Every structure is written in structure tokens, then in C-alpha cells.
Novice: 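The structure follows.
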Amino acid sequence: MRLPPSPSTAHNHPLLQLLRRCGDLPSLRQVHALLITTGLALHTFPLSRLLSAASRLSAAYSLSILDRITNPTVFLFNILISSATPHHPPELALSHYLRILASGRGLPAPLLFPNSFTYPSLFKLCRTYRLLDHGHAIHAHALKFLDPPFDHFVQSSLLCFYAITGRIDIVRILFDQIEDPDLACWNSVIDAYTRCDFVNKYIGITDTVGGNSAELSSEALSLFVKMLTCGVRPNEMTAVAVIIACANSGALYQGKWIHRYILKNGLKMNVFVATALIDMYSKCGCLDLAYQLFDKMPHRDILSYNAMIGGFAIHGHGHRALELFDKMKHEGLMPDNTTFVVTLCACSHVGLVEEGRRVFRSIKEDSGIDPKMEHYGCLVDLLGRSGQLEEALETVQSMPMKPNAVLWRSLLGAARVQVNLEIGEVALKNLLQLEPEISGNYVLLSNMYAASSRWDDASKVRQSMKDHGIDKVPGMSLVEIDGTIHEFLTGDRAHPNSMEIYYKLEEINGLLQEHGHRARTRTVMFDIEEEEKEDALSYHSERLAIAFALITMEPGIPIRITKNLRVCEDCHAITKLISVIYEREIIVRDRIRFHDFKGGACSCSDHW
DNA sequence: GTAGGGTTAG
């Protein structure tokens, strides 16, 4: 059938409203029949609604509708491309796009051309399903088929696509080409900076251009300021992206600033914004502020609970996390995967083994689904850290899926702390098979040999890392003073105040010795003399940061430090002492949790 | 028809 244009009344026809509410195939068939009898099925707009509804319910049915149309327009294909669902998988959406491209096959010219409504859907599809190669190819098509400059919809969907590839450099080039970017473009580019940070950290793309977490986040913030100076008014989504940037880099000062901005400028404190703020405050070390926000929320959903439980977890408040876990169920909210992850993690950080086991068992009982890999990971971590290594190993070997690298690594971590070489070697062997390219694994292996005084083996591992061009991740600490973030690497002398810092370190080391501190060198695993080991320790990045903060900051204000690695045993011991000697609270966020050093003790109770 | 959001083991 050939399609005449829709009658003007068709757009709000009652049958179309009915179509929107179709929840199953039989009722859709009924409405379809009615559309045919009323003649509406001959028009493009009603057909587009029909196709859209059909693709939500059945791929076969939507295809059968499409097949009966003699010359479907690009408009109808666009509808199908934009509606990827479980019933209408991405491959099907892509095949519709290919049909557009093939429309001229055997003819002197194509019948159909993709337009600027086609591409945003395609980029979204590639982003959602992580179809990176397709996305790049489709970008090339867009350059061929669309007249420059692309409109804002195409531009922003393109930015969002490149964000998931981790290529912030490409995102930035594309963004800089946009003339007069609108709110969507600004939101997309700011969001891209926070997303690339995520890609860097979790997806394991190591060759991203654009730097570390602090650099990406500070660029996100300066883009936000630039957006304001361009006179574009931010909305709640902008706020969320900026808050995530602050959470990722531990930028409390900027985080508080954006919080005030939201309140002052009438942005809505919706559940997204509030949850992001809760997460930001707890990741920036202000658990109290996070809880105040959580407590004041009129409506909390699973993600708000998860964020708060996760906050309790990283701050070592296992019991408060468990209370919230129960309260959530009491309020009728069904825990999801993440809830179980953060709750188990809370138990693990404090050594609540029995409680953790109970939570693990409740996964099946509460949600009816079998525990997933990440839940087994938490359980293994919980058992391993609390000294029950044999049971942890049994869990890994008997779990129903093939253990991943993270799982072997947590077992290895536990084996190392408890100096169990036998289990450690089993874990390492498996780990290196799964992740031959990750430097941390070799460092662990080398440290383990060193711990058992097998110096030759240890240095062989280090050499083979060098030979394979695998770099060790350098230890780095950030400290925020009056809104400026200062960055220190291990043994760093690049800071303008370097002289004073090292002078202060000498003072600190002297006082530490007076207080009876003897360096614990078990964690510095090089085959070097004892004195040299102590020396290497005294330059760990957090010490430089602490020394600098002690010089610069007013007394009485807590020092907040963010690290990219775990705190080493010796740094942990001396930070406890410094908190007494200098009467300062020192809050350290390491790679996975917080340590709140006060009056000679740490909030983690030395369990980390 | 069209971009876009918060939580996640080590």
C-alpha cells in the first residue's frame, strides 16, 4: 500500500491513545484492526505509532506491518530504529538502517536517505549496547549523508556516544566545533567528562587521552563555569553531572558550591540530584552531611538507599548500613543487585562475618534471584579478610560461574595479608591468566615473593614488567586547600613548596621517632637495605600531602586526602600518630574506603 | 521521531 499524508485530526485520535496503552499483543491486534477499518492505517502518522507500539511487544509483528507497506518512508524506519527494546533488539534496529541504505540497490539512485532524525537514534543505540565499531562507522556515514553543520540533536548524541568509548579528546574536538551549543550539548559534554572517568576506572581502557580523575573532573567543572558565562541556564541534569565530577575527584569545596548553586537558583532537589549529592558528600568524607540530606528526602528510592548504604560501607559503619538495609525492606522497597553489593561490602569492611553470611543467604530469599558474580566476590572478600581463607577458596572453587579476575584478586589480597603463600599462588596463577596486562597483578606477585624473601623471583617479575612495557601505577594523593587541589606523587619534588614540605617531613619523622615509631617495612618489598626502605616510605605521596596541609592549613580544620591506591601499613600507623602529635583530624579516602584518623585511632579499627 | 540523569565488590 502507498501512504497518503495523515489527516490533521489523526494526531490526537482516541485510537492512538489506546495504542499507547497496549500492554499485550492481542490488544494491539484489536487496535490494529480498528485502525484498518477506520482507514487510519493508510496514513503515515498512525502507522508510526502502530509500529512503535508493535516493536515494544513483538519483533515479528512489527516486521509484518512494515512488510505490508510498499514504500515505507525514512520517517517509519526512524521510528523502528529509535525503539530498541528486548523485543526489538539492536541488531534489528541496525537492519532497518541498512534497509534505508540499500533502498536504491539496482536503481540509478537511492530511494531513501537517512536524515538528522536517523542518526541520534543510531548513536543512542550504539551507546546503550556499547557497539563501538558500529558507532564509528555510523559517524562516517553521518558525515556523508548529512549537510554540515550537524544540528544539536545529532551533535549531542554523538558526544554521548564518544563518551562511552573513553575518547574524551574526540568528544572535546567535536564539542569545540559546535557553534552556539545548547543546553543538551553542554550537558552531554560535561557528562562525557565524568563518564570517561568511569571508563578509565572500571572498563579498563588505559590509553584514554585526557588524564586522571582530578583533571577530568576539574575540566568538567570549568566547562560548567564556561556554560554559565555563555548564558546557558543549567538544569537538574547539568547539576547531576557536575556533582558526579566532584564525587569522582573528592572535590568537596566545589561540591558544596554546586549544592549552594542548586538551592540559590531554584533547581529542583529531585531524587537524582539528592542521590548524587548523598554520594558526593559520602565520597568526600562528609558522612554526616550525606545522612542529613538522605534523612530530609521526601521520597527515597532504591538508588538513594544504595547510595547511603554504600556511604556507610566506605566509612566503616557496618551496623548503620545493616539497619538501613532492614529499614529499606520495611518500607517495601525490594533490594537490587547493588543493594546486596554495598551491604555485603559494609559487612566486609568491619568484619561482620555472620551478618554478611545472612545477607548473602537473603539474596535468594528476598529477591528470588541467584547470587551473581559480584555477590560471590563480596562474600569471598568478607571471608578472606576475616581470616577464613580456606572457606574463601572453597567458595571460589564451588561457585556456579567461572570466577573473574576481581574475585581472584580479593582472594590474593587476603592471602597476602595473612601470609598464606599456598593460596596466594593459586589465586595469582588464575589472576595472571585472566589479566596478563594489568600492572597491579605483577606488583602483587613481586611483593609476595619479596615477603617470603625470594628476592630473585621478585626482581625477575619487575624486570618482565619493564620488558613488556607495563608501567606500575604511581601512587598519588590529592589534598584540597581553599578550593585548590594539590597533587602529589610518591617522592614528588615538583610542587612549588617542595623545600618546605621536605623540611616539614623531617620534623614529622623526628617527632614520630620520639613517639616510639619504628617503620614497618613489610610492605616495601624491594631487596634493599633497611634504612633505604624507611626512606622510600617517608616519601609516600600521602605523607607529602599531609606535610603540605600541616604547613598551609589553619589548625583545627580536618585534613582531607584522596589517594588512588590503598593506604600502606606504615602510612596508616604514622597517620594515627600524627593525628595525636599535631592534634589534627586526618580523613583519607583510599582507593576503596575512608580512614578517619582522630586522637591516635582510625575509624577502620585497623581492619582494612 | 530526535540528546540527557543518581547507587555498584577489589
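A quick note: this is a predicted structure, and the numbers were derived from the prediction, not measured. Side chains included, hydrogens not; waters and symmetry mates left out as well; all remaining heavy atoms used. Order of the sequence lines fixes the chain letters, A, B, ..., with proteins taken first and strands second; residue numbering starts at 1 for each chain.
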Novice: A:S304 near the nucleic acid: base, sugar-phosphate alone, or nothing, with a heavy-atom cut-off under 4.0 Å?
Specialist: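 Counting heavy atoms under 4.0 Å across all strands, the contact made by A:S304 includes a base.
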Novice: Can you find a donor-acceptor pair, distance only, under 3.5 Å between A:D191 side chain and B:dG5 base?
Specialist: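 When only heavy-atom distances are counted, A:D191 does not reach the base of B:dG5 through any donor-acceptor pair under 3.5 Å.
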Novice: Give the rounded distance in Å between these two atoms: CE of A:M328 and P of B:dT8.
Specialist: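 One finds 14 Å between P of B:dT8 and CE of A:M328, rounded.
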Novice: What nucleotide, of B:dT7, B:dG6, B:dT8, holds the atom closest to the side chain of A:A276?
Specialist: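 Given the options B:dT7, B:dG6, B:dT8, the side chain of A:A276 is closest to B:dG6.
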Novice: Looking at every strand, decide which applies to A:V380 at a 4.0 Å heavy-atom threshold: base, sugar-phosphate, or nothing.
Specialist: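 Contact class for A:V380: none.
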Novice: Which one, B:dG10, B:dT7, B:dG6, comes nearest to the side chain of A:R409?
Specialist: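 Output: B:dG10.
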Novice: Tell me whether the OP1 or OP2 atom of B:dG6 has a side-chain N or O from A:K283 closer than 4.0 Å.
Specialist: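 The answer is no; no side-chain N or O of A:K283 sits under 4.0 Å from OP1 or OP2.
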Novice: List in chain and number order the residues that pass side-chain hydrogen bond (donor to acceptor under 3.5 Å, both in side chains) with A:H136, two or more places apart in sequence or in another chain; answer none if no residue qualifies.
Specialist: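 side-chain hydrogen bond (donor to acceptor under 3.5 Å, both in side chains) list for A:H136, sorted by chain: empty.
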Novice: Please list every donor-acceptor pair under 3.5 Å in which a side-chain atom of residues 334-341 of chain A meets a protein atom from a residue at least two apart or in another chain.
Specialist:
from   : atom 1 : to     : atom 2 : distance (Å)
A:D336 : OD1    : A:N306 : ND2    : 3.1
A:D336 : OD1    : A:T338 : N      : 3.2
A:D336 : OD1    : A:T339 : N      : 3.0
A:D336 : OD1    : A:T339 : OG1    : 2.7
A:T339 : OG1    : A:N306 : OD1    : 2.7
A:T339 : OG1    : A:D336 : N      : 2.9
A:T339 : OG1    : A:D336 : O      : 3.4

Novice: Whole angstrom is fine here: how far is it from CG in A:L293 over to P in B:dT7?
Specialist: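 It is 15 Å, rounded to the nearest whole Å.
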Novice: Can you tell me if A:R195 touches the phosphate of B:dG4, counting only side-chain N or O atoms and a distance under 4.0 Å to OP1 or OP2?
Specialist: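 For B:dG4, neither OP1 nor OP2 has a side-chain N or O of A:R195 closer than 4.0 Å.
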Novice: Give the rounded distance in Å between these two atoms: CG of A:L267 and C1' of B:dG5.
Specialist: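 Rounded to the whole Å, the gap is 13 Å.
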Novice: Contact class for A:E236 vs. all strands (heavy atom < 4.0 Å): base, sugar-phosphate, or nothing?
Specialist: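 The answer is base, as A:E236 lies within the cut-off (heavy atoms under 4.0 Å) of a base atom.
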Novice: What pairs meet the side-chain hydrogen bond (donor to acceptor under 3.5 Å, both in side chains) rule with one or both residues in residues 403-414 of chain A, with sequence neighbours excluded?
Specialist: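 Matches after skipping sequence neighbours: A:R409-A:E435, A:R409-A:N441.
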Novice: Whole-Å distance between B:dT8 P and A:F340 CZ?
Specialist: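 About 17 Å, once rounded to whole Å.
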Novice: Could you please name the option among B:dT7, B:dA9, B:dG6 that lies closest to any side-chain atom of A:F272?
Specialist: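 Closest nucleotide among those given: B:dG6.
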Novice: At what distance, to the nearest 0.5 angstrom, does CZ of A:R127 lie from CG of A:L159?
Specialist: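 Interatomic distance, A:R127 CZ to A:L159 CG, rounded to 0.5 Å: 10.5 Å.
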Novice: Choosing from B:dG6, B:dT7, B:dA9, which nucleotide comes nearest the side chain of A:M373?
Specialist: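 Among B:dG6, B:dT7, B:dA9, the one nearest the side chain of A:M373 is B:dA9.
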Novice: Is a side-chain donor-acceptor pair under 3.5 Å present for A:Y305 with A:E331?
Specialist: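 Indeed, the side chains of A:E331 and A:Y305 share at least one donor-acceptor pair under 3.5 Å.
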Novice: When you get a sec, tell me which of B:dG4, B:dA9, B:dT8 is the closest nucleotide to the side chain of A:M237?
Specialist: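 Comparing B:dG4, B:dA9, B:dT8 against the side chain of A:M237, the answer is B:dG4.
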Novice: Within this structure, what is the CG-to-P distance between A:L344 and B:dG10, rounded to whole angstrom?
Specialist: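 Atom-to-atom, A:L344 to B:dG10, this comes out as 10 Å.
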Novice: The criterion is salt bridge (charged side-chain N to carboxylate O under 4.0 Å, His left out); which residues satisfy it with A:E354, sequence neighbours excluded?
Specialist: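 Residues passing salt bridge (charged side-chain N to carboxylate O under 4.0 Å, His left out) with A:E354: A:R357.
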Novice: For A:R172, check salt bridge (charged side-chain N to carboxylate O under 4.0 Å, His left out) against everything at least two apart and list the hits.
Specialist: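 Here the qualifying residues are A:D176, A:E219.
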Novice: Rounding to a whole Å, what distance do you find between A:N270:CG and B:dG4:C1'?
Specialist: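 Going from A:N270 (CG) to B:dG4 (C1'), I get 13 Å.
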Novice: Extract from the structure each pairing of a protein N or O with an N or O of nucleotides 1-3 of chain B at less than 3.5 Å, listing the distance.
Specialist:
from  : atom 1 : to    : atom 2 : distance (Å)
B:dG1 : N7     : A:N78 : ND2    : 3.3

Novice: Have a look at A:V341 and say if it touches a base, only the backbone sugar-phosphate, or nothing, with a 4.0 Å heavy-atom cut-off.
Specialist: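 Result for A:V341 = sugar-phosphate.
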Novice: Please give, in whole Å, the distance from B:dG5 P to A:K268 NZ?
Specialist: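 Whole-Å distance recorded here is 17 Å.
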Novice: Mind calculating the distance between CG (A:L324) and P (B:dT7) to the nearest angstrom?
Specialist: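 Rounded to the whole Å, the gap is 17 Å.
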Novice: For A:I244, report the nucleic acid contact type (base, sugar-phosphate, nothing); a contact means any heavy atom under 4.0 Å.
Specialist: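 It contacts sugar-phosphate atoms only.
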Novice: Kindly check if the number of other-residue, nucleotide or ligand heavy atoms within 6.0 Å of NZ (A:K124) is above 12?
Specialist: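 Result for NZ/A:K124: open.
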Novice: Counting only distance, no hydrogens or angles, is the base of B:dG10 paired donor-acceptor with the side chain of A:S410 under 3.5 Å?
Specialist: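 No such pair is found, so the answer is no.
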